[in-house]
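See structure below.
When reading the values below, keep in mind they use all heavy atoms of this one structure, side chains included, and skip hydrogens, waters and symmetry mates. Since this is a predicted model, take the numbers as computed values, not measurements.
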Amino acid sequence: MANDPLHQFVISRLVPIEIGGLDLSFTNSSLFMVVTVAVASGFLWVATSGRGQIPTRTQSVAEMAYEFIANMLRDSAGAKGMVFFPLVFSLFMFVLVANLLGMFPYFFTVTSHLIVTFGLAMLVIATVVIYGISKHGLGWFKVFVPSGVPAAVVPFVVVIEVISFLSRPISLSIRLFANLLSGHIALKVFAGFVVSLGSLGAIGIAGAILPLLMTMGLTAFEFLVAFLQAYVFAVLTCMYLNDAVHPHH
């Protein structure tokens, strides 16, 4: 069980709850979602509680994260897009902290489950649709009709644009889920090689050197992936939210 690379993704019930035939149990995934929110919120609270003119290290990191997301949102959706800053910043921090927590041994990586990433992606798409229609009315649907398209090919273009729009939550969620899942599996496999070979004596220990180096390299790479996937999720969210603010393109 310890060497099973898929065992780390198993969802287990911590507090069984069933209401009306629905399984609403509090699971290890639920626990680490709560932990993720608590860690992210606690870090930001500590970082901003002092707010001195000479920032501390934690305050500097928090300010860098703020400016990073703010600049990203302005570049993608303009000044009007800043109305979505709380949403984008919250998503970025949640994904980043969840990814980083998943790097600790015996911790659970919530972003390695498709249902979690799909839920986050659907939140983004639902925000685009609801805000777009409430702000621009039925004129928002012009987002599916790019300007300058000849009338003869408009029906074909509309079909392509609708399919492209509907595929956004799928691609957004699968990209995050697949990268975290595959990376953690590879890391567990090489770590399992180290343990298995190390138990064979001197020859095994010598043979475990290469898997150990690979494990160290993959660990460093996975920390990089943890940030990159949070960045990609945030930047794509900003690009999609641009359609809610500026449906004419």
Side-chain angles (χ1 to χ4, degrees), residues 1 3-19 21-40 69 84 87-130 162-192 218-219 221-241 243-244:
M1 185 71 71
N3 292 327
D4 181 7
L6 297 179
H7 181 67
Q8 59 184 311
F9 307 113
V10 174
I11 295 180
S12 56
R13 294 182 179 90
L14 301 180
V15 182
I17 302 173
E18 186 172 339
I19 301 177
L22 295 176
D23 187 359
L24 303 177
S25 301
F26 188 80
T27 65
N28 53 345
S29 180
S30 306
L31 173 63
F32 275 92
M33 289 185 200
V34 174
V35 171
T36 298
V37 173
V39 170
I69 298 300
F84 297 113
L87 172 64
V88 180
F89 187 79
S90 299
L91 287 173
F92 174 77
M93 291 299 298
F94 179 86
V95 173
L96 177 61
V97 174
N99 292 350
L100 293 176
L101 286 177
M103 292 299 299
F104 289 88
Y106 304 107
F107 278 31
F108 189 84
T109 312
V110 297
T111 46
S112 65
H113 281 261
L114 182 59
I115 187 61
V116 175
T117 59
F118 184 73
L120 297 177
M122 284 303 299
L123 172 63
V124 174
I125 300 304
T127 301
V128 172
V129 174
I130 294 173
V162 170
I163 294 175
S164 175
F165 185 84
L166 294 178
S167 68
R168 287 179 177 181
I170 299 175
S171 62
L172 188 61
S173 57
I174 289 180
R175 181 181 290 104
L176 176 58
F177 141 78
N179 277 279
L180 271 295
L181 181 73
S182 59
H184 280 60
I185 290 177
L187 188 59
K188 185 63 179 288
V189 168
F190 280 101
L218 280 173
T219 300
F221 180 72
E222 281 300 296
F223 273 107
L224 177 61
V225 169
F227 173 78
L228 288 179
Q229 288 305 311
Y231 165 75
V232 170
F233 195 93
V235 73
L236 289 177
T237 296
C238 293
M239 293 174 63
Y240 297 158
L241 290 172
D243 287 340

Report summary line: Taken to the nearest 0.5 Å, the spacing of Leu91 CG from Leu96 CG works out to 12.0 Å

Query raised in the report: Is there a side-chain contact between Val124 and Arg168, using heavy atoms and a 4.5 Å cut-off?
Result: no

**Report entry** Positive for side chain to side chain contact (heavy atoms under 4.5 Å, CB included) with Phe84, one of Thr127, Thr237, Val128
**Finding:** Thr127

Report task. Check side-chain hydrogen bond (donor to acceptor under 3.5 Å, both in side chains) between Ser30 and all other residues, then give those that pass, not counting sequence neighbours. Result -> Thr27

Query raised in the report: How about Val232 and Arg175: do any of their side-chain heavy atoms sit closer than 4.5 Å?
Result: yes

Query raised in the report: Is Phe26 atom CZ crowded by more than 12 heavy atoms from other residues, nucleotides or ligands, each under 6.0 Å away?
Result: yes

Query raised in the report: Taking the six-membered ring where the residue is Trp, are the ring centres of His113 and Phe32 under 6.0 Å apart?
Result: no

Report summary line: dist Leu176:CG -> Asn99:CG (nearest 0.5 Å) comes out at 6.0 Å

Query raised in the report: Counting distance only, does the side-chain N/O of His184 pair as donor-acceptor with the main-chain N or O of Thr109 below 3.5 Å?
Result: no

Report task. Report the relative orientation of the aromatic rings in Phe104 and Phe107; use parallel for angles under 30°, tilted for 30 to 60°, perpendicular for over 60°. Result -> tilted

Requested in this report: Working to the nearest 0.5 Å, report the span between CD1 of Ile170 and OG1 of Thr117.
Outcome: 11.5 Å

Report task. Report yes if the side chains of Gln229 and Leu224 come closer than 4.5 Å at any heavy-atom pair, otherwise no. Result -> no

Query raised in the report: Below 4.5 Å, heavy atoms only, C-beta onward: do Gln8 and Tyr106 meet side chain to side chain?
Result: no

Query - Expected output: side-chain Ser173 to main-chain Leu114 donor-acceptor under 3.5 Å - result: no

Report summary line: Interatomic distance, CD1@Ile125 vs CD1@Ile130, rounded to 0.5 Å, equals 11.5 Å

Query raised in the report: Sub-3.5 Å donor-acceptor pair from the side chain of Asn179 to the main-chain atoms of Ser112, do we have one?
Result: no

Report task. Applying side-chain hydrogen bond (donor to acceptor under 3.5 Å, both in side chains), name anything that partners Ser29, two or more places apart in sequence or on another chain. Result -> none

Report task. State the CZ-CG distance between Phe190 and Leu218, to the nearest 0.5 angstrom. Result -> 6.0 Å

Query raised in the report: Take atom OH in Tyr231; do more than 12 heavy atoms of anything else shown fall under 6.0 Å from it?
Result: no

Requested in this report: Decide yes or no for Cys238 and Val88: does some side-chain heavy atom of the first lie under 4.5 Å from some side-chain heavy atom of the second?
Outcome: yes

Query raised in the report: Got more than 12 heavy atoms from elsewhere within 6.0 Å of CD1, Ile115?
Result: no

Query raised in the report: Is the shortest heavy-atom distance from the side chain of Met103 to the side chain of Leu187 under 4.5 Å?
Result: yes

Query raised in the report: Can you tell me how far the CZ atom of Phe118 sits from the CZ atom of Phe177, to the nearest 0.5 Å?
Result: 12.5 Å

Query - pair Thr36-Met33: side-chain heavy atoms closer than 4.5 Å - result: no

